[in-house]
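The analysis underlying the following values was restricted to heavy atoms, covering all of them including side chains, and did not include hydrogens, waters or symmetry mates.
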Amino acid sequence: MRAKLMKKLIVCNELILFHLNFLHENKYQFKIQLNGIDEKKIKSIQFSLNTFNPKYTQFELAFRFIFLICSIIATCLFTKSMRRFSILDWSLEQRWMIVLLIFLVFYNDPFYPLTFLTDNSFPTILDGFLQASFLCTLLLFWLSIYHGIRQNIRRFLPFYCPKLFLVSLLWIFSIVLSSARILQEFRDPMYNMTIDITQFTTYRVIFYIVGIFYILYLLFLIIRAFGELRNMPYFDVRLKFTTVLMLCVVSISITITTLRFGSGIIEENFVPELATRYKNSVEFLSFYSLINLYLYTMAFVYSPAKNAAIDSLFRDNPTFSMINDSDEDVVYGSDQEASQLTSTR
């Protein structure tokens, strides 16, 4: 139930009075008492009771199941196409695609129906955990791609450890904030994150600082990658493709989030709000379609061609290409082609 106070010419923000995740009884009786209200300033009070539409629940379950099946099929097809090649010949993008597609399967949450079958907070927390894990893996993928495309030696400690530490901070704080809200809402029907968020002030501040640092670090890697590889035709295409897709996902996500929260983006409870249920079918379908189509597109592009050589003589590094020919072969031609021309003469 929400309450909205109406002054003479001003509408106050809504305040959640109570919430029930499950209805165990057929009838409920509430007694609401408001103290300390100035009747001269408050013109009227409006109470509204919001419930989930059963059709929306059916809609969400149906599309989650469709996305889950499609992600499993995409994972199997991409893995099958890569079995013809040695893992040493896989490009950095192809190796990451296997990881992202597996995480995408869990992002679509095969355990989500348990949310409606049990009156327990675990399925809801698990759903938020899986979503945060996939999104942080995607953030780690972007850092690794823009840094790793310039290097052919990627040792774990110097290459992955700093990135894992940075993204892990975002992952931990997002899990803590979202899980704390879900647990409190199940325990206390009158819990209000907007009021009680002050106890997580330190977490929120660190989360925003790490997020800003991540953005600056990613921009630094993008600028440096384009500066060093802009004169290499093949790698320039790889960078442009990855950047265009990433910008599409980021721009559309920002647009949807802005339309969803509006000025509430700067509110204190913005971070835990991201992990709650969607308000309508448009928000749900837009976010899930965007993420799933993004991964399907990359899986299709990074899949090797049917006529690609099985015994490739190159690896993924800034000297050779990702799938078929090296940049040197593309520009100058290969020795095999030269020998064929000589024999024809």
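Residue-environment remark: OH (Y28) exceeds the threshold of 12 foreign heavy atoms within 6.0 Å. The environment of F122 atom CZ is sparse: at most 12 non-hydrogen atoms of other residues, nucleotides or ligands sit within 6.0 angstrom. Atom CZ of F103 sits in a sparse spot, with 12 or fewer heavy atoms from other residues, nucleotides or ligands closer than 6.0 Å.
Y296 and I72 fall into different hydrophobic clusters, where Ile, Leu, Val, Met, Phe, Trp and Tyr side chains are chained together by heavy-atom contacts under 4.5 Å. Under a hydrophobic-cluster definition in which Ile, Leu, Val, Met, Phe, Trp and Tyr are linked whenever side-chain heavy atoms come within less than 4.5 Å, directly or via other members, L293 and L290 are assigned to the same cluster. Placement of L170 and F165 within a single hydrophobic cluster is found when ILVMFWY residues are connected by side-chain heavy-atom separations under 4.5 Å, directly or transitively. With hydrophobic clusters built from ILVMFWY side chains whose heavy atoms lie under 4.5 angstrom apart, F78 does not share a cluster with V105.
Between F63 and F67, the angle of the ring planes lies from 30° to 60°, which puts this pair in the tilted group.
Counting heavy atoms from C-beta outward, W171 and L139 have side chains that stay 4.5 Å or more apart. In this structure, F186 and D119 have side chains that are not in contact, with every pair of non-hydrogen atoms separated by 4.5 Å or more. Considering only heavy atoms from C-beta on, Q94 comes within 4.5 Å of P304 through its side chain. Using a 4.5 Å heavy-atom cutoff, the side chains of R64 and F284 are in contact. V301 places none of its side-chain heavy atoms less than 4.5 Å from the side chain of E93. Contact annotation: the side chain of W90 approaches that of I98 to within less than 4.5 Å [non-hydrogen atoms, C-beta and beyond].
A cation-pi geometry, defined here as NZ or CZ lying under 6.0 Å from the six-membered ring centre and within 45° of its normal, does not hold between K55 and F59.
Side-chain polar atoms of Y288 and N292 form no donor-acceptor pair below 3.5 angstrom. Side-chain polar atoms of Y146 and T243 form a donor-acceptor pair below 3.5 angstrom.
For S179 (side chain) and V176 (main-chain N/O), no donor-acceptor pair under 3.5 Å exists by modelled atom type.
A centroid separation of less than 6.0 Å is found between the aromatic rings of Y107 and F134. The aromatic ring centroids of Y214 and W142 lie 6.0 Å or more from each other.
Contact record, G128 with I175: O-CD1, 4.1 Å, taken as the closest heavy-atom pair. Minimum interatomic distance between P123 and N120 (heavy atoms only, all atoms of both residues): CD-O, 3.4 Å.
The pair D89-R84 does not meet the salt-bridge criterion, since no charged nitrogen lies less than 4.0 angstrom from a carboxylate oxygen.
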Going through the distances and angles, do W96 and S144 end up as a side chain to side chain contact (heavy atoms under 4.5 Å, CB included)? CA-CA 9 Å; W96 266 104; S144 302; 3.4 Å; yes
